[in-house]
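Presented below is the structure to which this report refers.
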Amino acid sequence: MFCLGHLFLCTIMLCFDTVEIFTPHRSGQAMLKTIQCGELRPEHSGQEVTLAGWVNRRRDQGGLIFIDLRDRWGICQVVVDQETAPDAHNHASNARNEYVIQVVGKVRMRPDGTSNPELATGDVEVVASEIEILNAAKTPPFYINKEDSIDEVVRMKYRYLDLRRPKMQRNIVLRHRVIKFIRDWLDAQGFVEVETPILFKTTPEGARDFLVPSRLQPGKFYALPQSPQQLKQLLMVAGYERYFQIARCFRDEDLRGQRQPEFTQLDMEISFVEREDVIQLNETLMRALVKAVVPEKRIMEEPFPRILYQDAMEWYGSDKPDIRYDLRAVDVADLAGQSGFAVFVNNVAEGKPVKAMRVPGMAGNLSGTRLRTVAAELEDMAKAAGAKGLAYMALPLEEDGEVRGPVGKFFTVDQKLALFERLGAQPGDLILFMSDRREVVWAVTDALRPHLAKELGLLDPTLLGYCWIVDFPEFLWNEDEQRWDPSQHLFTMPMPEDIPLLDTDPGAARGSQYDMVCNGFEVAGGSIRIHDRALQEKIFPLIGQDMDSAREQFGHILEAFEYGVPPHGGIAWGIDRVVAILAGEPNIREVIAFPKSQTGSDVMSGTPSSALPAQLEELHIKLDLPEEEEIEA
RNA sequence: GGGGGCGUGGUGUAGCGGCCUAACAUAUUGCCCUGUCAAGGCAAAGAUCGCGGGUUCGAAUCCCGUCGCUCCCGCCA
């Protein structure tokens with residue numbers, strides 16, 4: 001166990017245990033409910049209660065009606081007897097699914113043999129004496145009371161009903177718990193949450209900005225922040241030392257399942273830290289978070305393994321590998337170069353890699369035809385990723401069986417044995433060979449791994465495969481622009497020992513960047529920042545920025561950095577992704593209350609929509625739409 | 001900007017050139033029913049198959065366009 005004590009001595013724990021829980025009935029006023037449906041337990045037996053919620057289901061047996069009443073806390077059974085409560089029975093028979101009703105009644109144990117173990121409240125029921133229909137409901141366009149796939153259009157159009165479904169309520173509540181846990185934990189470590197502006201300055205770097213026209217200054221625009229990056233560094237200059245924010249960020253790029261135009265980051269910045277401090281702090285937070293909010297999930301390895309960027313690319317072809325399964329690409333250039341297979345021999349001679357991936361049990365006892373079909377499918381994927389082909393060997397199940405596949409005959413027995421030993425190959429394995437430019441081999445590896453893992457059933461949904469990716473290159477070569485691009489952003493500090501490389505071999509310089517990865521998704525990324533103006537000024541020309549334009553765009557930061565800036569670094573978490581992974585959801589839309597569709601619209605409200613001519617006039621904006629487009633008022 | 005998938009009663013699906021006057025499940029409506037919990041029984045209503053055009057003797061079905069949703073590449077940390 002490591003110690004953060006030297007960093008986080010002054011722990012101020014605000015304790016909310018003493019805050020009185022607000023309960024309406026203590027005020028003595030009239031109340032619509034005295035207890036939550038989902039909270040009823042045997043110990044409430046005999047109590048007179050008032051419940052209110054939505055009708056989840058109604059089972060009308062004539063003289064006896066059962067209503068499953070649902071609120072945010074769960075479902076309980078209400079029973080209404082025509083003989084003992086005729087008025088209530090009358091109302092109950094008029095009630096329908098999703099009606100909002102209020103029930104007054106007595107809690108009792110259910111008769112012997114009628115308990116429902118499916119429900120947390122299943123040992124008790126409420127015998128209604130009064131039922132009032134607070135609000136009727138139209139028949140909903142889809143089932144609230146049962147998990148079923150629903151067309152996205154319908155879900156989004158009726159998002160308020162979609163969010164009423166228990167699964168969505170669980171997701172949204174989980175999101176709340178994640179954010180609440182983070183806030184409390186960081187607060188306890190002496191962090192201060194500071195809000196930064198939503199209306200800010202456009203930046204040419206990174207993603208496309210959302211622009212907001214300024215009415216007071218015609219022709220000028222605000223931009224919505226892509227992240228609070230600059231401001232959080234200025235807060236370090238301002239001496240706050242430990243800042244965080246649950247920050248909304250905006251990027252006007254095309255959407256994906258993991259990408260929304262507005263999304264939420266945990267933004268964090270700390271002064272007087274080095275890379276190791278930020279990594280350990282965030283890892284500690286993440287581990288505590290997982291244990292607190294999803295104790296049923298298992299973290300694969302603690303402390304999180306550290307993987308060098310270079311290794312991640314060579315092994316997994318990705319800087320955000322899913323490490324829950326191995327399926328790694330192994331360098332076999334030395335063996336393949338000795339083989340009789342011309343493609344490998346030539347590629348090795350040209351210095352191109354040859355990699356092999358062992359796919360456990362994939363060949364099994366597949367028939368020759370089936371094996372060729374499987375191999376052809378994989379080859380198609382490899383080709384889609386840029387490869388020219390995909391060679392394979394299928395290992396037989398029997399000791400003395402023949403290796404199948406077109407390249408086996410080009411390897412001698414000794415070469416094959418050496419190959420199998422290096423890969424740890426077992427009978428029935430399929431071995432895939434990839435050889436091309438190293439970028440292509442990476443792309444193929446990255447394309448095949450998740451596909452194969454799915455095929456082989458290696459994706460354990462209860463497992464959280466966290467790791468850190470470190471030692472990113474400081475720059476990546478931009479072929480189009482013939483210059484270096486910052487691999488993270490232009491304030492990233494190079495690794496101290498690599499600073500001399502900036503003059504001699506910038507491509508070899510490593511940045512102080514670190515990414516936290518989980519199950520194949522980048523969940524957080526950050527770096528130690530440059531706090532030395534001379535070093536910063538060295539970076540600009542390398543990335544094709546002359547000092548004049550740099551001053552124009554970043555002058556305020558450069559100037560601030562002349563007033564005593566502490567060494568600092570930080571990180572930003574993709575909260576939507578973190579919550580989606582913890583919730584076991586494949587898509588961040590499932591953990592955002594009101595997300596946008598892939599075309600950036602809100603189907604429910606019809607957002608975005610046209611502006612009134614008067615609004616445009618006030619902003620001095622004239623539309624210049626492509627032809628055939630109608631301008632609506 | 002490019003490629004793939006989907007669009008059929010309220011919902012989820014089937015049908016994929018004529019047997020479709022569009023099937024099934026569920027939901028809905030009415031009646032019956034006092035221990036149900038995916039309640040049950042009986043009955044009824046409900047879709048011109050996203051939209052527009054074309055091919056054909058004939059289109060839910062084939063083709064083109066278009067709209068929407070979705071997945072991926074480009075883009076984006």
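Letters go in sequence order (proteins before strands), and every chain restarts at 1. These numbers come from a predicted model, not from an experiment.
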Just to verify, what does [X] make a side chain to side chain donor-acceptor pair (under 3.5 Å) with, not counting sequence neighbours?
X: A:N97; answer: none
X: A:R529; answer: A:E269, A:H489, A:S527
X: A:K201; answer: none

Return the value, rounded to whole Å, for the distance between atom [atom1] of [X] and atom [atom2] of [N].
X: A:D485; N: B:rC75; atom1: CG; atom2: C1'; result: 14 Å
X: A:M604; N: B:rG68; atom1: CE; atom2: P; result: 18 Å
X: A:E147; N: B:rG12; atom1: CD; atom2: P; result: 14 Å
X: A:E262; N: B:rC76; atom1: CD; atom2: C1'; result: 16 Å
X: A:N116; N: B:rA39; atom1: CG; atom2: P; result: 11 Å
X: A:E118; N: B:rA39; atom1: CD; atom2: P; result: 12 Å
X: A:Q258; N: B:rC76; atom1: CD; atom2: C1'; result: 13 Å

At a cut-off of 3.5 Å, list every protein nitrogen or oxygen paired with a nitrogen or oxygen from nucleotides 2-9 of chain B, distance to 0.1 Å.
none

- Task: List for me each residue that meets salt bridge (Lys or Arg N to Asp or Glu O under 4.0 Å) alongside A:E276, sequence neighbours excluded, and say none if there are none.
- Result: A:R306

- Which of the following nucleotides, B:rC69, B:rU11, B:rA39, is nearest to the side chain of A:V603? B:rC69

- Task: State which of B:rC76, B:rU11, B:rU13 makes the closest approach to the side chain of A:S149.
- Result: B:rU13

- Message: Return a single string for nucleotides 22-35 of chain B, one symbol per nucleotide in 5' to 3' order, where B is base contact, S is sugar-phosphate-only contact and - is none, cutoff 4.0 angstrom on heavy atoms.
- Response: ----BSSSS--BBB

- Message: Applying salt bridge (charged side-chain N to carboxylate O under 4.0 Å, His left out) as the test, list every pair that has at least one member in residues 512-527 of chain A; sequence neighbours left out.
- Response: none

- Message: Considering only residues two or more places apart or on different chains, which pairs with a residue in residues 592-601 of chain A satisfy salt bridge (charged side-chain N to carboxylate O under 4.0 Å, His left out)?
- Response: A:E262-A:K596

Report which part of the nucleic acid [X] touches: base, sugar-phosphate, or nothing (heavy-atom distance under 4.0 Å, all strands).
X: A:E152; value: sugar-phosphate
X: A:T121; value: nothing
X: A:G206; value: sugar-phosphate

- Query: On a whole-Å scale, what distance lies between the C1' atoms belonging to B:rA47 and B:rG9?
  - Reply: 4 Å

- Query: Does A:R256 place a side-chain N or O at less than 4.0 Å from the phosphate oxygens OP1/OP2 of B:rC76?
  - Reply: no

- Positions of residues 582-591 of chain A (non-hydrogen atom under 4.0 Å from RNA chain B), listed by number: A:N587, A:R589

- Item | Contacts of A:F66 that satisfy ring-ring contact (aromatic ring centres under 6.0 Å, His included) - sequence neighbours left out | none

- Query: A:F554: what forms a ring-ring contact (aromatic ring centres under 6.0 Å, His included) with it, not counting sequence neighbours?
  - Reply: A:F491

For residues 76-85 of chain A, tabulate all N or O donor-acceptor pairs below 3.5 Å that involve a side-chain atom, not counting sequence neighbours.
residue, atom, partner, partner atom, Å
A:Q77, OE1, A:R59, NH2, 3.0
A:Q77, NE2, A:E125, OE1, 3.1
A:D81, OD1, A:E83, N, 2.8

- Are there more than 12 heavy atoms of other residues, nucleotides or ligands under 6.0 Å from atom NZ of A:K454? no

- Do A:R259 and B:rC75 share a donor-acceptor pair, side chain to base, under 3.5 Å? yes

- Task: Sort out the partner of B:rU55 for me: Watson-Crick or G-U wobble, both distances under 3.5 Å, none otherwise.
- Result: none

- Task: Hey, can you tell me if A:F304 and A:W468 have their rings parallel, tilted or perpendicular (30° and 60° cut-offs)?
- Result: tilted

